[in-house]
Amino acid sequence: MSERAQAIIDLSAIAHNVQQLKLRAGVPLLAVVKADAYGHGLIPVAECAIAAGAQWLGVALLEEALTIRKATIVAPIIAWLVPPGSDFAEAIKNDIDLGVASLPIFREVIAAGQSLDKRPRIHIEVDTGMTRGGFLYEWENFLLELAQEKENVTVVGLFSHFARADEPGEKQNAQQLKRFVEMSDDLNRIGIEPQIHHLSNSAATLVDASAHFDLVRTGIALYGLTPDLTHLGTSQELGLKPAMTLRAKLHIVKEVLADTSVGYGATARTQIDTKLGVVAMGYADGIPRVAEGAGVFIHGKRAPICGRVSMDQFVVDLGPDSTAQGGEWVVIFGPGGSGEYTADDWGIASSSINYEIVTRLGTRVPRSYTHIKEGE
Ligand SMILES: *Cc1c(COP(=O)(O)O)cnc(C)c1O
């Protein structure tokens, strides 16, 4: 284990969140584990989510899905960002469901299935207003081709994605829902009835029961983080437990006089004689370079960031009375229950969101896992 930095993942929190979300959803749950499970570690999280009751796994990339299969996880998986030129045959061989978002992708999937003499399982992605993935201008042509290829493919699902689910009451949500149902009707008209319709991300799972359909796809909430602090409230208000605690070691502690400039660009100056701590983690590890208003937690107190974050280290103001010493752990963010900063705090401080704070954690930060059951 690294003596410098650690991300500690509480798998019992993830299990708790799966159970909470399943209760809210009332339909099967797909655990979104793309991007190394939002930085929490693909395989440990996938195994934990399935054990806790998630029925499906969802990833963006084909290689993520193949990694899951190599770990001998047999749950159904969808990979929804598999562009033309990908090894679709490998996906089909490994029983990976494919998101199909365009005609070129559809044609390659069909060809790969025929070369293997095995029917590909697909989820048709439709663009209902996000204007990112999914069929939009090609829809009518796709329906014609699909009608001809019906026997060569199993249409397992129809899905789409909300642009503004974290703003409940926003009228675009109702428009997207309506469009989703219309496009579902278009499919039925050519004699295709997917078993599974899915539209909800975490935000819609938490606040919009009308959008749950047959399956919900939850990412951020699985990790105990709120999809939107302003509109949906804190993790705690949503009944979720943040799973990740990030900590690093103090490298050195130094006493400095008032009016001492700190760091690159000398963007900060000490107000009083104080003690500064140098934390052994930097932007190469995923700490945002500019994060004014964030900091670390040590000896029961917050120590704010002082100056710009460097590649491998950053400076915090421990205060003149601190007894902290080099070699001690500081908490960069955690669930927040003890007064430590949270991923939400770091998101706000860096003009970003909790999603980016956890997913950008670098590969040189080892992940370790705890699984503490309630009451232990
Ligand atoms: C990432 C992603 C999700 C999960 O979104 P959250 O807001 O993290 O719940 C769901 N569906 C698709 C298609 C995604 O790309």
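First listed ligand is number 1; within each ligand, the first listed atom is number 1. If you're wondering where the values come from, they're calculated on a predicted model, not measured in any experiment.
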Residue and atom name of the nearest protein heavy atom (relative to atom 9 (O) of ligand 1), distance in Å to one decimal: Ser202 OG, 2.5 Å
Element-labelled atoms of ligand 1 that are located less than 4.0 Å from some non-hydrogen atom of Ile220: 6 (P), 8 (O), 9 (O)
Within the 6.0 Å centroid threshold, strictly below: His212 and His198: no
Trp80-ligand 1 polar pair, N/O distance under 3.5 Å: yes
N/O separation below 3.5 Å, Phe159 to ligand 1: no
Nearest protein heavy atom with distance in Å, relative to atom 8 (O) of ligand 1: Tyr38 OH, 2.6 Å
Nitrogen or oxygen atoms of Val32 and ligand 1 under 3.5 Å apart: no
Residues Glu149, Asn152; criterion side chain to side chain donor-acceptor pair (under 3.5 Å); working and verdict: CA-CA 5 Å; Glu149 299 286 357; Asn152 297 323; 2.7 Å; yes
Enumerated ligand 1 atoms positioned under 4.0 Å from heavy atoms of Asn201: 5 (O), 7 (O), 9 (O)
Qualifying residue for side chain to side chain contact (heavy atoms under 4.5 Å, CB included) with Ile77, from Leu30, Val59, Asp95: Val59
Ring-ring centroid check His161 Trp80, cutoff 6.0 Å: no
Proximal candidate to atom 2 (C) of ligand 1 [heavy atom criterion; set Arg217, His198, Lys34]: Lys34
Atom CD of Glu255 with >12 non-hydrogen neighbours under 6.0 angstrom: no
Ring-ring centroid check Phe135 Phe142, cutoff 6.0 Å: yes
Check: His40 ring centroid to Tyr223 ring centroid under 6.0 Å: yes
Distance from atom 7 (O) of ligand 1 to nearest protein heavy atom, with residue and atom: Tyr355 OH, 2.6 Å
